[in-house]
Structures are given as C-alpha cells and as structure tokens.
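Notes for the one structure printed next.
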Amino acid sequence: MAKRRDFIKKSAIGAAGIAIGGMGFSAKSYASIIGANDRITMAVIGIRGRGTSHIEAWCKLKDSHNVRLKTLCDVDEQFWGPRAKLVVDNGGEKPITEWDMHKVLADPDIDAVSFATPNHWHALGTVLACQAGKHVYVEKPASHNVWEGRKMIEAARKYNRRVQVGFQNRSKAKVMEAIQFLHDGGIGKVYMARGLCIKPRDSFGITKDGAPPSSLHYDRWLGPATWRPYNEKKGHYNWHWFWDTGNGDTGNQGPHQFDIARWGLNKNEHPVSIYSSGGFYGVHPEECAQETPNTQNSIFKYKDGTMLEFETRGRYSNEESNLGIRIGNIFYGTEGWLEIDGGKWNAYREREKEPFAGSKTKAESNKDISLTGPSNTAHFSNFIDAIRSGKNEDLHCDINEGFFSTVLPLTANISYRLQRELKFMGSNMDQEKIVDDDAANALLTRAYRLPYVVPNVV
C-alpha cells in the first residue's frame, strides 16, 4: 500500500468549489426534490472526536427522521475502521469511507454534510458544500476568523442552503425556557451577562517536528493554514492551542457560553468595544508548545451600554454561583439575577437567597436530563426538519445567528494578541472593521495557503 502522506498541492482545489457548484444543483431544483417523507442522505466530514457524536446522532435519527448516513470522510485513515463499525453497531449500513472531501461533495446522493473538522476548515468546507448544493451542519465556532464567517453567510444565502451552527444549547428545552424568562423581563432589564469556561487543562508537552503518520493526508489536514512541518503536539485535538488552526479555549468551549450570553442579552448586533487580557499560567513555556492563553478575561460593550463579560480559566479554580457553575452563564438584571448550568437554571429576586423561578430543586432539574447530555439529538433533528421545510427561520441556529456569537471570541482573541481595546465601526455587515487599527483588521482574516482559499466571491 502506498504511503498516505499527501503533500500534493492540487491547483484545481481552489476552483473545485465552483466546478462542484455548477454540476446541475441549482438551489431551486435541488430543494424541490426533498419532500416531507423523503430520505435525507448524510455524510460526516471529520470523524475523530466531535465527529463521533455526529455519527451517533445521525444514526439515532435513522427511523424517526428518515436519515441515512452514507459516507464518512476524514483525512486520517486510521479512524475509518472504528467509525464505520460504530455506524453499523448503531443500526446503519456499512458506510463509504473517503479522505477527499471533494469526492463526497460531488456525490449526488448526498443531501447534507456535517463538519466536525478543526476550526480552520469550517468556512472553506461550508462554502464548498453550499456550492455543491449540500445543506450544512457545522460545529462551533462557525469560522476561524471573522471575514470568512461572513462568506459562509453569503454562500448559504446565494445557494439557498440551510446552514446550522452547532450551538446545541439553542435546542435544549431548559435553556430555551431560561432565555425566554429573561426576554420576558423575569429579572427586569438585563444589563450584563457573564460567561464562564472553567476547564483546567494539563500540559500536553512538546516534541520535535517529524514525519506525519502514513495514515494522514497531512497537506489536506493543514489546508488553509500556513505551511509548517508536521508535529505530533500540534495535530489531533492540540490544534486548538495554536493560532493558525484553533482559537484557544475562549474559542473552543467558550463559544457555547458566548452564544447563551448574547442570546440572553437579546443582542443581534456586534459590540462596539472589545477588550481582552490574560496569559499562559501554571505551565513552564519550555514544557508546552501552546500559543493560546489558558487564562483570559474579556469585556464587551454594546452601543446601548449593555455589557458582556467572559472568563476562561484553564488552571485550578473554584466554581461560581449557587449552582456551582464551571461551564455556564450568569445574567444580571435590575430586579435580580439568573444562573444557567447545562439543563438547570434558577432566578433570584433582588437580595433573596432562594430562587423564585427555574429548576429550584435537583429533581426538577433532572427532568431535562435527556436534552443536556452528549446523546442530545435535538439540534441535529432540528437541522433535518429545516431542510425539509426549506426555511432558514426554522433553524434554531442559522449561520447568521451562529456568526454573531462566533465573532465575540474571535475579536476577544485579537484584542488579547494585540494587547489593546478594539472599537468596532458598527454592527452592520458592511462595517465589520476595527476603527483606525490596521493590525487588528489584518487579524479579521488570514493569509490563505494556496490552493485552500476562501474566495472573495462565493
């Protein structure tokens, strides 16, 4: 068997999206072939970590939503066998396995794809899929940088595709209940939201560059990122901690809580100011190659003065709030405060110590356990329902919604890297620029590595 290292740069890849998009999949005719009872055929792209949950979700929707999982795609072939077995074990047919995403997108049987790739592939993969006439479920954060996130919206609208971002809290009954309570004035006017990501992480070490494993198509894995030699400590999962491929924990776990915070504040706009500071603490730099901070505080202010705070703590820490939140949110209003932790929430009136609304007791909070665990399929089934209805408004987290939440951690990281406050020009799509700051504006996008380029015109 030939070596699987893929250093071949195919100059046609950048144009492949246009070619795929022109294969007869006009938005109008394609949408018409999916009826209320028609089977929807899926492919999962990126099957190592979060992709496993995608596989399980689509398999669980096999009967209830008439979903067929046909293809698994990953540039590292070592995962093909175990994940194919997972499909079969979950009642599906033996899937096709493929490393080349373009072949998956060219398959006319595939109606939709779900992406659980590293962050730096989210935008380009989504744009190419929309051009190919496929609907898209893409994991958080929606994009690796702000500019390409806007291109994802443009592609979804141009090709009339449903694009759902994996902010699963949007489909959790108790979270939806808490947000509605806030929007209905349950604690008065909400003037501040606080998101928390308290997730201690140990050092993953450091090693020398080397040759990629024979199972990995490394050039394709690297994709839009700047070329660098293969390094085991910068690959699977650890890509989160390097700026070219990830966004740190503020942009990894954080986006879920950023989304809840913005949702609770009811802000469908960008903040006008962003400031973030922090550092890499508790681990000696010579013992870990990580670039992103493990401790980070971020403050955002909207044009009406409303504030959003976010704290990332990657070392040993206490919990916060009465629920003992590590990964969750707290909202502050003129008449009280509210805490959300997974499927649990409580609201407190003024100085009162006992909640007057929400889960209140452990027994009540456990009623929603089926919608809070890793087996949750509500967000996935909502995506399938929206494909059938053909309406973006039926999506619980349309790409536009997911983009506004994604911009928060992305701009926080820009402020952190430049060590200064950023001022957004405005909240409209033609004003996603930083005032009088060329260095910050340069970080709103990236230098794409040919041929893996998100096009200016999608």
Side-chain angles (χ1 to χ4, degrees), residues 1-2 4-6 13 16-17 20 39-122 124-130 132-140 161 163-164 166 168 212-223 235-237 239 374-377 379-381 383-384 387:
M1 184 176 180
R4 291 296 183 179
R5 300 176 191 143
D6 178 39
I13 289 179
I20 292 172
R39 182 170 64 182
I40 292 178
T41 301
M42 296 289 311
V44 177
I45 301 176
I47 61 175
R48 178 185 176 273
R50 178 61 183 163
T52 301
S53 298
H54 285 217
I55 292 169
E56 292 174 340
W58 302 129
C59 288
K60 288 179 180 178
L61 295 174
K62 174 178 176 287
D63 296 323
S64 64
H65 285 70
N66 199 10
V67 172
R68 173 197 180 202
L69 179 52
K70 179 182 179 180
T71 304
L72 303 181
C73 179
D74 200 289
V75 295
D76 195 338
E77 298 183 23
Q78 69 171 300
F79 303 113
W80 289 4
R83 300 305 183 269
K85 182 178 184 298
L86 180 64
V87 174
V88 175
D89 289 347
N90 278 272
E93 63 186 72
K94 184 177 180 180
I96 295 170
T97 50
E98 176 58 64
W99 71 268
D100 187 351
M101 174 177 37
H102 294 87
K103 292 182 179 179
V104 178
L105 298 181
D107 183 350
D109 284 347
I110 301 296
D111 300 306
V113 297
S114 63
F115 284 100
T117 60
N119 297 354
H120 68 296
W121 259 108
H122 287 184
L124 182 56
T126 296
V127 169
L128 291 175
C130 288
K134 315 302 183 188
H135 302 284
V136 178
Y137 182 111
V138 60
E139 273 302 331
K140 54 74 198 166
R161 300 298 89 189
V163 178
Q164 173 106 301
Q168 293 87 0
S214 59
S215 62
L216 178 65
H217 300 261
Y218 180 61
D219 182 77
R220 185 63 64 87
W221 182 91
L222 204 57
H236 293 318
Y237 198 79
W239 55 262
S375 62
N376 172 34
T377 60
H379 207 55
F380 294 92
S381 62
F383 173 61
I384 298 299
I387 290 176

Could you work out, with side-chain contact (heavy atoms from CB on, under 4.5 Å) as the rule, every residue matching Ala43, not counting sequence neighbours? Thr71, Val104, Ile110, Val113
With sequence neighbours left out, what residues match His379 under ring pair (Phe, Tyr, Trp, His ring centres under 6.0 Å)? Tyr137
When you compare the side chain of Asp107 with that of Lys70, does any pair of heavy atoms fall below 4.5 Å? yes
When you compare the side chain of Ile40 with that of Asn66, does any pair of heavy atoms fall below 4.5 Å? no
Between CD1 on residue Ile96 and SG on residue Cys73, distance to nearest 0.5 Å: 11.5 Å
Closest heavy-atom pair and its distance - Thr126, Phe115: N-CE1, 3.9 Å
Heavy-atom closest pair, residues Gly46 and Ala116: O-CB, 3.4 Å
Would you check, one step at a time, whether the test side chain to side chain contact (heavy atoms under 4.5 Å, CB included) holds for His102 with Arg220? CA-CA 11 Å; His102 294 87; Arg220 185 63 64 87; 3.6 Å; yes
Under the side chain to side chain donor-acceptor pair (under 3.5 Å) rule, collect the residues that match up with Ser114, sequence neighbours excluded. His54, Trp58
State, to 0.1 Å, how close Cys130 and Val136 come at their nearest heavy-atom pair, and which atoms those are. SG-CG2, 4.4 Å
Please give me the minimum heavy-atom distance between Lys103 and Glu98, naming the atom from each residue. CD-OE1, 3.6 Å
Please enumerate all residues that pass side-chain contact (heavy atoms from CB on, under 4.5 Å) together with Gln78, with sequence neighbours excluded. Asp76, Ser215, His236
Intermediate values then yes/no, side chain to side chain contact (heavy atoms under 4.5 Å, CB included), Ile384 and Val67: CA-CA 8 Å; Ile384 298 299; Val67 172; 3.9 Å; yes
Taking atom CD of Glu56 and atom CG of Asp89, what is their separation to the nearest 0.5 Å? 10.5 Å
Could you tell me which residues satisfy salt bridge (charged side-chain N to carboxylate O under 4.0 Å, His left out) with Lys62, sequence neighbours excluded, listed by chain and number? none
Would you say Gln164 and His135 are linked by a side-chain donor-acceptor pair, where the criterion is simply a distance under 3.5 Å? no
Sorted by chain and residue number, the side chain to side chain donor-acceptor pair (under 3.5 Å) partners of Arg48 (sequence neighbours excluded) come out as none
Donor-acceptor pair, Arg83 side chain versus Ile47 backbone, under 3.5 Å? yes
Counterpart residues, side chain to side chain donor-acceptor pair (under 3.5 Å), relative to Asp63 (two or more places apart): none
Step by step, would you call Glu139 with His122 a side chain to side chain contact (heavy atoms under 4.5 Å, CB included)? CA-CA 8 Å; Glu139 273 302 331; His122 287 184; 4.1 Å; yes
OG1 of Thr41 to CG of Asp111, rounded to nearest 0.5 Å, is 5.0 Å
Phe380 CZ to Met42 CE distance, which is reported to the nearest 0.5 Å: 9.0 Å
Would you find a donor on one side and an acceptor on the other, under 3.5 Å apart, between the side chain of His65 and the backbone of Lys60? no
Scanning both residues in full, the closest heavy-atom pair of Trp80 with Trp99 reads CZ2-N, 3.4 Å
When every non-hydrogen atom of Cys59 is compared with those of Asn90, the smallest separation belongs to CB-CB, 3.6 Å
Residues passing the side chain to side chain donor-acceptor pair (under 3.5 Å) test with Asp74, sequence neighbours excluded, are none
